[in-house]
Protein chains: 2
Amino acid sequence: MARERKFSTDELFQATKLLLLKHGYEGFTFSLLADYLHVSRGAIYKYYENKEELISEFMLYEMNEFLLDIKGIEQIDGFQDQLDFLIRIMFKNEKIQQLIEMGKEIPKSTNEKARVNKEKLDMLHLQMYHNLQGFVLKGKEEKKLNASIPDGLILGYIFQSVAIPNHFDIPQTEWVDSIKEMICHGILKR
Amino acid sequence: MARERKFSTDELFQATKLLLLKHGYEGFTFSLLADYLHVSRGAIYKYYENKEELISEFMLYEMNEFLLDIKGIEQIDGFQDQLDFLIRIMFKNEKIQQLIEMGKEIPKSTNEKARVNKEKLDMLHLQMYHNLQGFVLKGKEEKKLNASIPDGLILGYIFQSVAIPNHFDIPQTEWVDSIKEMICHGILKR
DNA sequence: CCCTAAAGTGACACTTGTGTTACTTTGTTT
DNA sequence: AAACAAAGTAACACAAGTGTCACTTTAGGG
C-alpha cells in the first residue's frame with residue numbers, strides 16, 4: 001500500500017447500509033456517502049464506477065453474510081429448534097428484506113459489473129429459498145407445518161412478519177415473543 | 001371554468017400513486033408526472049407549490065378513502081365476519097402501507113400546507129388504529145383473539161401480512177386463502 | 001534520499017430537477 | 001365581439017448530482 005486508506009470497505013458498506021435505509025435508493029448519492037465518510041467523491045469513484053456498481057457490490061456482500069447466517073440451520077436438529085433459530089436470524093437481519101427490495105430498484109445499467117452482480121444477486125435470492133426448502137419440507141413431513149401452504153409463502157411470511165414497524169414502541173422482548181407466537185399459531189385464541 | 005382542464009385531480013392522484021410506487025419518494029419528480037400526464041411542469045405548479053405539498057395532499061386523499069373503507073366494519077355483526085371483511089379491505093388496499101411508509105419520508109418542509117397535511121396524516125393514522133380498536137377489543141372479550149398480543153401489533157400484523165411480495169407468482173385465490181389461514185392459525189399444523 | 005504508485009482532492013463540463021414568470025390559449029360572460 | 005380569467009406553455013436562473021482528470025499527498029522500496 002502506497003498510502004493509508006481513509007476508509008475500509010467495511011466502513012464504506014456500513015455507511016452505505018445506513019444511508020440507503022435512511023434515504024432510499026434514489027435518495028442515496030455519492031455526495032452523501034462521501035460527506036458521511038469525510039472524503040471527497042473522487043475517492044469513492046476510485047473504487048466504484050457509479051452508484052449501481054457500488055450498491056450491487058454492497059448487496060452481494062450483505063446477501064452473502066445473510067446466507068452464511070442461514071446456513072447455520074443445517075447444524076441444528078429438531079424442527080422446533082430450527083424454527084427458533086430461523087426466527088432469531090430473521091430478527092437479527094431485520095433490515096435485509098428492505099435492502100433486497102431496494103436491490104430490485106437498481107436499473108439495468110450500462111455498467112457490466114453491475115449487470116453481472118445483479119444476476120448473482122438473483123441467484124443468491126433463489127439459493128436462499130433453496131437452503132430453507134429443506135427446513136420447510138422436513139417440517140411438513142413431520143406434520144409440524146401446515147402442509148396446505150406453499151413452501152415459498154411460509155418463508156416469505158416469516159420474512160415479512162419480523163419487519164412489522166413498531167409504531168407503538170412495544171418493548172423488544174414482548175415484541176419478539178408476540179410475533180413469534182403469531183407466526184406459529186396466528187392471531188386467534190387457541 | 002375559463003378553459004377545460006387537461007387533467008382532473010383524480011387522474012393526477014392516480015398518476016402520483018403509480019409513479020410513487022414505481023420510483024419511490026426521492027425518485028418521484030414533477031417532470032416524470034408532467035410527462036405521464038402529457039402536460040408541462042408549470043401546469044402542475046399552478047395547483048401545488050412543490051413535491052411535498054402534492055404528495056402530502058395525495059396521501060391525505062388516499063388515507064381518507066382507506067378510512068372510509070375501514071369504517072364499513074361497523075356495519076357488520078359477528079367477529080369472524082368482521083375479520084373476513086377486514087382482511088378483504090386490507091388486500092384491496094394492499095399498497096397503502098407502502099404509501100404510508102413513504103409519507104414518513106416527507107421532510108419537514110418550509111411549506112405551511114405540507115406541514116399541516118403531515119400533522120393531519122399522523123392524526124388519520126392514529127384514528128385508523130382507533131377505529132379498529134373496537135374490533136380487536138370485541139375479539140378479545142369474546143375470547144376469539146389471543147389476548148396476550150398487544151392490540152396495535154395484531155393490527156400491524158394483519159397489515160403487514162397482506163403485503164408479502166408474491167415472488168413465486170402463486171395464483172391470487174390460493175395466495176389470499178393461504179395468507180388468511182396463516183393470519184388466523186399461524187404456520188404450524190393445527 | 002528520491003522515486004514510485006496508490007490514495008485522495010478540487011475543479012470542470014455536463015445533466016437533471018426546481019421554482020418562477022411573462023406569455024399564449026381558450027372557454028365564458030356581458 | 002370584446003374582455004375576462006382560468007389553464008397551460010416555454011424559457012430562464014438556479015441548485016444538486018454525475019463522471020472525469022490533472023494534480024497533490026504520502027508510505028514504502030531501491
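Naming convention: chains lettered A, B, ... in sequence-line order (proteins, then strands); numbering from 1 in each chain.
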**Study point:** Backbone of Lys189(B) reached by a side-chain donor or acceptor of Lys143(A) within 3.5 Å
**Key:** no
Review point. What residues in residues 6-26 of chain A put a non-hydrogen atom under 4.0 Å from any atom of DNA chain D?
Key: none
Practice item. Report yes or no: do Ser148(B) and Asn146(B) form a side-chain donor-acceptor pair below 3.5 Å? Key: yes
Practice item. Using a 4.0 Å cut-off on protein heavy atoms (strictly under), produce a 5'-to-3' string for nucleotides 15-24 of chain D with B for base contact, S for backbone-only sugar-phosphate contact, and - for none. Key: --SBBB----
Review point. Of the non-hydrogen atoms in Arg41(A) and Ser31(A), which two are nearest, and what is the gap between them?
Key: CD-OG, 3.5 Å
Point to revise | Partners passing side chain to side chain contact (heavy atoms under 4.5 Å, CB included) against Lys113(B) (at least two apart in sequence or in another chain) | key: Glu53(B), Glu57(B), Asn111(B), Asn117(B)
Point to revise | For the student: nearest non-hydrogen atoms of Lys140(B) and Ala147(B), plus distance | key: NZ-O, 3.7 Å
Exercise for review: Under 4.0 Å between any heavy atoms, over every strand shown, what does Tyr48(A) touch: base, sugar-phosphate, or nothing? Just pick one.
Suggested key: nothing
Could you list the protein-to-nucleotides 14-16 of chain C atom pairs, N/O on both sides, closer than 3.5 Å?
none

**Study point:** Whether over 12 other heavy atoms sit under 6.0 Å from Lys22(A) NZ
**Key:** no
Please list every donor-acceptor pair under 3.5 Å in which a side-chain atom of residues 66-79 of chain B meets a protein atom from a residue at least two apart or in another chain.
unit_1: Asp69(B); atom_1: OD1; unit_2: Lys92(B); atom_2: NZ; d: 3.3
unit_1: Asp69(B); atom_1: OD2; unit_2: Lys92(B); atom_2: NZ; d: 2.8
unit_1: Asp69(B); atom_1: OD2; unit_2: Asn93(B); atom_2: ND2; d: 3.2

Point to revise | Mutual orientation of the aromatic rings belonging to Tyr47(B) and Phe7(B) [parallel < 30°, tilted 30-60°, perpendicular > 60°] | key: perpendicular
Review point. Under 3.5 Å, side chain of Glu174(A) to main-chain N/O of Pro171(A), donor-acceptor pair present?
Key: no
**Study point:** Atom-pair distance (OH on Tyr47(A); P on dT9(C)), nearest Å
**Key:** 10 Å
Please tabulate, one pair per line, all N/O donor-acceptor pairs under 3.5 Å involving side-chain atoms of residues 118-137 of chain A, not counting sequence neighbours.
unit_1: Lys118(A); atom_1: NZ; unit_2: Ile106(A); atom_2: O; d: 2.8
unit_1: Glu119(A); atom_1: OE2; unit_2: Arg115(A); atom_2: NH1; d: 2.9
unit_1: Gln133(A); atom_1: NE2; unit_2: Asp151(A); atom_2: OD2; d: 3.3

Exercise for review: For Ile44(A) and dA6(C), give me the distance from atom CD1 to atom P, rounded to whole Å.
Suggested key: 20 Å
Practice item. Quickly work out the Arg5(A) CZ to dA5(C) C1' distance and round it to whole Å. Key: 15 Å
